[in-house]
Amino acid sequence: MSLNGIFQYFVPKDKKFFPLFEQAGNNLIDMAQLLIENVNTTDVEYRKEICRKIEDLEHKGDNITHQIHLELGKNFITPFDREDIHALASSLDDVADFIHGASNRMDLYKLVKATQPMIEIAGLILEATEHVSKAIHELRDLKNIRNITDSCVRINSVENKADYIFDKAVADLFDYEKDAITLIKHKEILSAMEDATDKCEDVANVLESILVKNA
Amino acid sequence: MSLNGIFQYFVPKDKKFFPLFEQAGNNLIDMAQLLIENVNTTDVEYRKEICRKIEDLEHKGDNITHQIHLELGKNFITPFDREDIHALASSLDDVADFIHGASNRMDLYKLVKATQPMIEIAGLILEATEHVSKAIHELRDLKNIRNITDSCVRINSVENKADYIFDKAVADLFDYEKDAITLIKHKEILSAMEDATDKCEDVANVLESILVKNA
Amino acid sequence: MSLNGIFQYFVPKDKKFFPLFEQAGNNLIDMAQLLIENVNTTDVEYRKEICRKIEDLEHKGDNITHQIHLELGKNFITPFDREDIHALASSLDDVADFIHGASNRMDLYKLVKATQPMIEIAGLILEATEHVSKAIHELRDLKNIRNITDSCVRINSVENKADYIFDKAVADLFDYEKDAITLIKHKEILSAMEDATDKCEDVANVLESILVKNA
């Protein structure tokens with residue numbers, strides 16, 4: 001597709017899909033910020049409250065996804081391919097699910113104090129959602145294709161870091177945690193968190209695929 | 001795409017792909033029913049027999065997938081996009097693989113008695129496959145687009161329930177199961193079952209993507 | 001699409017994408033061969049050296065993926081759909097990530113001696129990457145569509161074997177490994193290896209989807 005193609009696809013006129021995607025992106029940042037509060041508290045009751053808030057935001061995200069689907073049903077013209085709008089909405093929804101899942105496990109498994117690697121990965125999840133949100137806000141404007149690509153590269157790099165911290169943390173559990181059940185518990189919480197960064201990478205993949213199709 | 005587009009794509013004339021997809025859907029229900037028998041027996045020999053039957057149905061599913069591919073090779077006109085036919089066939093195949101995997105683990109790990117959450121998730125797998133099969137049967141007829149969407153919503157809701165039961169069951173294992181190896185065993189079986197409902201959600205995603213493209 | 005379509009899409013004139021994909025395929029074979037060295041050594045220092053080499057090849061793979069993206073940015077005409085080029089590059093990258101991950105875990109978890117199932121799955125990973133590479137080399141030439149399909153079937157069959165060995169190995173761990181932490185360690189290494197064959201199956205899926213679209 002030519003430059004013409006880009007103009008055709010990324011005209012900044014859409015008033016329906018972009019605002020919804022931007023809301024979904026902002027919502028992920030809010031969730032990630034609450035997750036950071038979660039890993040920084042040792043107050044079990046306060047953790048429960050944070051988990052409820054994260055759950056509320058997850059429902060909010062579901063509503064946004066649902067509205068995107070309703071708009072797809074109502075609109076003949078979309079700012080990019082219909083199936084890509086669906087794929088982007090689904091992948092954003094997945095990130096929300098995994099942040100919620102990680103938060104939930106901390107409560108369900110009665111974690112008292114988050115470990116250092118959990119705190120670090122929670123920080124990386126926030127970083128990744130910020131890049132996701134930034135990339136989405138720049139979808140509106142075709143001049144920023146390079147910015148979107150940059151955000152995708154950064155998301156990949158954040159995911160690599162999370163991966164590394166996860167692997168190292170599990171290795172340390174094998175070295176120092178002598179209680180197998182505690183070891184599994186910590187590994188499962190870390191793994192849900194690491195999955196959340198994987199899902200951000202999936203969003204980056206959908207965004208790259210959209211750019212590639214329309215560039 | 002206009003209403004015209006829908007007619008063009010969902011004309012109920014196809015005699016090749018729809019019957020195969022319907023067979024694949026029915027096959028999943030048969031497998032899920034056997035899985036329920038599996039979680040309800042404590043007779044290790046009978047479990048082996050059920051596992052063999054599930055394996056046979058998995059091979060039957062592989063054959064259906066293969067026939068869909070053969071038809072794709074032979075037919076110029078398809079009821080919807082060629083790559084979506086491929087994606088739908090693959091996602092149905094994945095559900096079969098995971099039901100088979102869950103059943104297999106019960107036998108391989110020498111489970112004697114399925115736990116209550118296993119019984120509940122097996123029931124949800126059957127529910128999910130019934131919705132999958134229903135949605136597929138309604139692909140033939142474009143008047144039923146709302147019905148397909150409804151089935152997809154229901155599949156998502158079943159998956160959420162399975163997710164919740166899985167998380168709660170693992171939390172309970174951490175609370176009450178003092179033998180780490182038994183804990184891992186149960187967690188792995190539950191996890192394979194929960195994955196089967198995830199794969200049903202992937203089918204729903206493919207179906208939604210097909211609808212979105214053709215609506 | 002007609003035979004014409006095939007000619008249009010698979011003309012063996014592309015000088016940019018095919019060589020890069022072929023490099024990516026060859027790189028996977030190199031990585032898999034090093035993984036086999038890894039499972040066959042008990043020398044912890046030598047293992048560290050192999051891991052570093054695998055990591056270097058993973059970076060090499062990242063560079064190839066990056067070059068494919070650059071070419072997509074520069075070229076108006078591509079040998080098949082832009083999004084499929086992106087999907088194929090991503091899926092090859094995933095295989096590299098998981099071979100690297102499996103190798104890394106052996107080092108991080110301080111494995112001394114790989115078990116028989118690890119050695120077997122490493123062999124299957126090599127087999128799978130060889131089929132992947134073969135299929136990719138035949139993408140250039142449309143006469144070989146059947147050969148590509150054959151490679152995909154073989155990749156699926158290798159993945160099934162790896163799956164079976166993994167399940168059996170875990171069952172054996174439950175039977176014979178009385179130390180829960182060693183059990184988890186071995187299960188995690190096996191699981192990363194089995195995931196590498198899953199990712200080869202994803203490559204096969206992308207290849208099948210490309211064939212299906214263009215046949």
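- A/Tyr164 does not touch chain C: none of its heavy atoms, backbone or side chain, sits under 4.5 Å away.
- For C/His86 (side chain) and C/Arg82 (main-chain N/O), no donor-acceptor pair under 3.5 Å exists by modelled atom type.
- For a heavy-atom cut-off of 4.5 Å, chain A lies close to C/Ala180, C/Ile181, C/Ile184, C/Lys185, C/Glu188 in residues 177-191 of chain C.
- No donor-acceptor pair under 3.5 Å is formed between the side chain of C/His100 and the backbone N or O of C/Ala96.
- Of the possible polar contacts, one joining the C/Asp43 side chain to the C/Tyr46 backbone as a donor-acceptor pair under 3.5 Å is found.
- Looking at A/Asp175, the atoms closer than 4.5 Å to chain C (heavy atoms on both sides) all sit in the side chain, from C-beta outward.
- No side-chain donor-acceptor contact under 3.5 Å links A/Asp163 to the backbone of A/Glu159.
- Between the side chain of A/Asp107 and the backbone N or O of A/Ser103 there is no donor-acceptor pair closer than 3.5 Å.
- Using a distance-only test at 3.5 Å, with no hydrogens or angles considered, no donor-acceptor pair links the side chain of A/Arg47 to the main chain of A/Met106.
- Proximity to chain A (any heavy atom under 4.5 Å) is shown, for C/His66, by neither the backbone nor the side chain.
- In this structure, A/Asn75 contributes its side chain and A/Glu71 its backbone to a donor-acceptor pair below 3.5 Å.
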